[in-house]
Engineer: 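Let me begin by handing over the structure; questions about it come next.
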Amino acid sequence: MTDDAPDVLVLREGTEGLSTEPYARKLHERLPQFEVRRARTPGEERELVADARVVTGVRIDEELLDRGERLELFACAFAGTDHLPMDALRERGIAVTNAGGIHAPGIAEGALGNMLVFARRLHEGWRRKQNREWRHFQSGELTGSTVTIVGLGSIGQALVRRLEGMAVETIGVRYTPEKGGPTDEVIGFEEEPLHDALARTEYLVIACPLTETTRGLIGEAEFATLPPEAVVINAARGPIIDTDALVNAIQFNAVRGAALDVTDPEPLPPDHVLWGFENVLITPHTGGHTPRHWDRLAEIVADNVERLEGTDSFDDLENLVFTPG
């Protein structure tokens, strides 16, 4: 190993329109006692990975894994890790962490923003501006509403914090309601408590992972239970909401509207009927985009690099997805 061989290697591929150069710079600032290098080309990645103990980036392929003789940890720059060669990582005894939690502030702000848009009917104001109409319309208030948040992980908790002081009632839905949570009320995914909550909901925010339990969670029966004044906000994964049931609910005024940062299918085809509804707000899965992406991830990865120093245990690593052995 040469004197300038990296302890931490930052791969070249960026995300969300952001280069990994500032990420490497932030890691270098946080870890002055370690050699942090950024690969700019595929050749540099192949050369530098041989001596790195930690590699971080969007993805890693099996060719790099074969060259990473000292590699112990891959720190994924995404929250999701389904795209990684997990079997190969397991075979080589390489631990994996993710970027879970770094998107929570932005996604929570987006969800709150969508609630305020519907409460104050700002989308109607934007429509009238496009038509150059100086014509009044009635707005409502978020105050006094009931907000049900499905998922009390980092996103759900960040949203609850932002709702404090907004004079709303909050209901949280989680797998283990006996653990409680930051919402005024906490329930599980069982049919009766879920539908009881939906029947009282003005704003339904989906902020949970896609699992066998949550796939199709909000379908025809759930839209029938929601009040007509309810707004559905999906900040998680498209398949959690049954798209056909959503379209039907919008067409027949079963709900007041929807705000979708994710869809099923995704990307949403240009000719899809959802594009045509004025009361359906759509963003192209950008809810978590933030200029602070690398700053937040660098803090997690730097802490983990320091924890790895002098130990062979991965148990104390933050955002641990997989640990070998």
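For reference, positions follow the sequence shown, starting with 1. Heavy atoms only: backbone and side chains are in, while hydrogens, waters and symmetry mates are out.
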Engineer: Test of understanding: with side-chain hydrogen bond (donor to acceptor under 3.5 Å, both in side chains), list the residues that count as partners of Gln157, not counting sequence neighbours.
Structural biologist: none
Engineer: When you compare the side chain of Tyr23 with that of Val36, does any pair of heavy atoms fall below 4.5 Å?
Structural biologist: no
Engineer: Write out all pairs satisfying side-chain hydrogen bond (donor to acceptor under 3.5 Å, both in side chains) with one or both partners inside residues 184-193, taking only residues at least two apart or from two chains.
Structural biologist: Thr170-Asp184, Glu185-Arg200
Engineer: For Thr81, give me all partners under side-chain hydrogen bond (donor to acceptor under 3.5 Å, both in side chains), at least two apart in sequence or on another chain.
Structural biologist: none
Engineer: Among the clusters formed by ILVMFWY side chains lying less than 4.5 Å apart, do Val173 and Val186 turn up in the same one?
Structural biologist: no
Engineer: If I compare all heavy atoms of Trp275 with all of Pro269, which pair ends up nearest, and what's the gap?
Structural biologist: NE1-O, 2.8 Å
Engineer: For Arg37 and Pro6, work out which heavy atoms get closest and say how close.
Structural biologist: CG-CB, 3.6 Å
Engineer: With Glu222, which residues qualify under side-chain contact (heavy atoms from CB on, under 4.5 Å), at least two apart?
Structural biologist: His195, Leu198, Ile218
Engineer: Of the non-hydrogen atoms in Val255 and Phe223, which two are nearest, and what is the gap between them?
Structural biologist: CG1-CD2, 3.9 Å
Engineer: Kindly write out the residues that satisfy salt bridge (Lys or Arg N to Asp or Glu O under 4.0 Å) with Glu299, not counting sequence neighbours, or none if the list is empty.
Structural biologist: Arg30
Engineer: Applying side-chain contact (heavy atoms from CB on, under 4.5 Å), can you list everything that pairs with Glu109, at least two apart in sequence or on another chain?
Structural biologist: Arg162
Engineer: For the residue pair Thr214 and Thr211, what are the closest heavy atoms and their distance?
Structural biologist: OG1-N, 2.8 Å
Engineer: Given the rule that I, L, V, M, F, W and Y join up when any side-chain heavy atoms are under 4.5 Å apart, are Leu246 and Leu204 in one cluster?
Structural biologist: yes
Engineer: Taking the side chain as C-beta and beyond, is there a heavy-atom pair between Arg127 and Glu133 under 4.5 Å?
Structural biologist: yes
Engineer: Going hydrophobic residue to hydrophobic residue with side-chain gaps under 4.5 angstrom, can you get from Ile107 over to Trp294?
Structural biologist: no
Engineer: Can you name the nearest heavy-atom pair linking Arg59 to Leu11, along with the distance?
Structural biologist: O-CD1, 3.2 Å
Engineer: Can you find a heavy atom in the side chain of Asn279 that is under 4.5 Å from one in the side chain of Arg256?
Structural biologist: no
Engineer: Does a side-chain heavy-atom distance below 4.5 Å link Asp242 with Glu220?
Structural biologist: no
Engineer: Does the side chain of Leu317 come within less than 4.5 Å of Leu308's, by heavy atoms?
Structural biologist: yes
